[in-house]
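Following: one structure in structure tokens, then a few remarks.
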Number of protein chains: 2
Amino acid sequence: MAPTRDRILDALQDVLLEDGPGGATLDAVAERAGVSKGGLLYHFRSKDDLFEGLLDRLDAGGAAADAQCPPDPDGAARWFLDGSQTADGPEERTLLAALRLLGTYPPASDRMARYLDDWAAGLRRAIGDPVTARLVQLVGDGLFLHALLGSGDTPLDARVKDAVRTLLDQA
Amino acid sequence: MAPTRDRILDALQDVLLEDGPGGATLDAVAERAGVSKGGLLYHFRSKDDLFEGLLDRLDAGGAAADAQCPPDPDGAARWFLDGSQTADGPEERTLLAALRLLGTYPPASDRMARYLDDWAAGLRRAIGDPVTARLVQLVGDGLFLHALLGSGDTPLDARVKDAVRTLLDQA
DNA sequence: CCTTGTGCACCGTCCGGACGGTCGACTACT
DNA sequence: AGTAGTCGACCGTCCGGACGGTGCACAAGG
């Protein structure tokens, strides 16, 4: 079995994704993690401390993502654009959960902004022109926003991604 | 004095923006609006009903925004891209407040997605090629996401906007 | 002209329940 | 024996919502 601390963070993510920040009570998280409330509060001294733990996990994911970015422009763009929409895998799950903290836990905004910037670091490295790199990032972030609101991948978006990548050849 | 119902919705926005969804209690909203809790519940039968009222106000703003979109491609793009970042004015205030409902009040996701789509309707009308129109929309939504997280307008983003608009001439 | 009635807008209090957090006791490993 | 980890009962607080009541506007009837 995974360490208790990780199980609690997993449980927090689950609850955040299913019930939103309102449902993320200490009781709910503890029950989900198979731990009593006292046990939870042993690992995280307060609710804010628990949120901080989730944001720390996010930072780790951002750094790991950056390391995976292909070094060539086209590969980097493809990697970034596709990654902006997927909601599968443990890291994306952490991200989506952290998003739910935005209005609730004030420090979340800054941490999220830094996370988006970490993701785009590889893009800036692979693409010479900073304006083009930023454009690719913004398109990706736009896709991400739509994915956030629940709209899945559309055929039109696939064509947009192709269009963006042909743009890279001209730059 | 503005109608009580509107004053209550204004108060809800204020509280949502200042304290997040957690602070948006019936008591807090009522006090802010200069109304007793009973008075508030006379106009909105439940907390969910109150949230619904805010989302309705958002829809009205979306329809109004669409009507203001210039008919020519360059004007439309400029209008959309600049509008994605501003956080001033009563309509943007409503939008930012509604965003705070995302994880808290489940129906908010769908309503927000529809709102984004309403905004882009004018873009699709003004720009012939649907792929290009969608690209402009995604860049705008990306800018919007960053504005949401608190990062202001950067010089780099201004150059990206110029680049997007020169793209329109080629299409 | 006045009074009786009707309904809308609003008020203030109360209550059941849930929430965050504390505490002392228990267990298992070292 | 000591310590890290876990438990579950408990406390004070706050929230959403229900409820009974108040006052005003306005219209009908005498």
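Within every chain, numbering begins at 1; the chains are lettered A, B, ... in the order of the sequence lines, protein sequences first and strands thereafter.
A salt bridge does not link R32(A) with D10(A): none of the charged nitrogens is closer than 4.0 Å to a carboxylate oxygen. Salt bridge present: D74(B) and R78(B) bring a charged side-chain N and a carboxylate O closer than 4.0 Å.
Between R100(A) and L102(B), the closest side-chain pair of non-hydrogen atoms is not below 4.5 Å.
Under the salt bridge (Lys or Arg N to Asp or Glu O under 4.0 Å) criterion, E52(A) pairs with R111(A), not counting sequence neighbours. Under the rule for a ring pair (Phe, Tyr, Trp, His ring centres under 6.0 Å), the partners of F51(B) that lie at least two apart in sequence or sit in another chain are Y105(B).
The ring pair (Phe, Tyr, Trp, His ring centres under 6.0 Å) analysis of residues 15-42 of chain A, with sequence neighbours excluded, yields no pairs.
In the 5' to 3' direction, nucleotides of DNA chain D lying under 4.0 Å from heavy atoms of chain B begin and end at dC15(D) to dG17(D).
To the nearest 0.5 Å, atoms CD (Q137(A)) and CG (D117(A)) are separated by 6.5 Å. Remark: L101(A) CG to M112(A) CE distance equals 9.5 Å, nearest 0.5 Å.
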Counting primed atoms, P, OP1 and OP2 as sugar-phosphate and everything else as base, the B/S/- map of nucleotides 25-30 of chain C against protein heavy atoms under 4.0 Å is ------
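Atom OH in Y105(A) sits roughly 15 Å away from atom P in dG20(C) (whole-Å rounding). Whole-Å rounding puts the I8(B) CD1 to dC10(C) C1' distance at 10 Å.
For DNA chain C, the residues of residues 22-52 of chain B within the heavy-atom distance limit of 4.0 Å (strictly under) are V35(B), S36(B), G38(B), G39(B), Y42(B), H43(B), sorted by number.
For the residue pair D157(B) / T154(B), a side-chain donor-acceptor distance below 3.5 Å is found, with atom types taken as modelled.
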Tell me, with the steps shown, if L54(A) and L16(A) meet side chain to side chain contact (heavy atoms under 4.5 Å, CB included). CA-CA 11 Å; L54(A) 185 68; L16(A) 238 20; 3.8 Å; yes
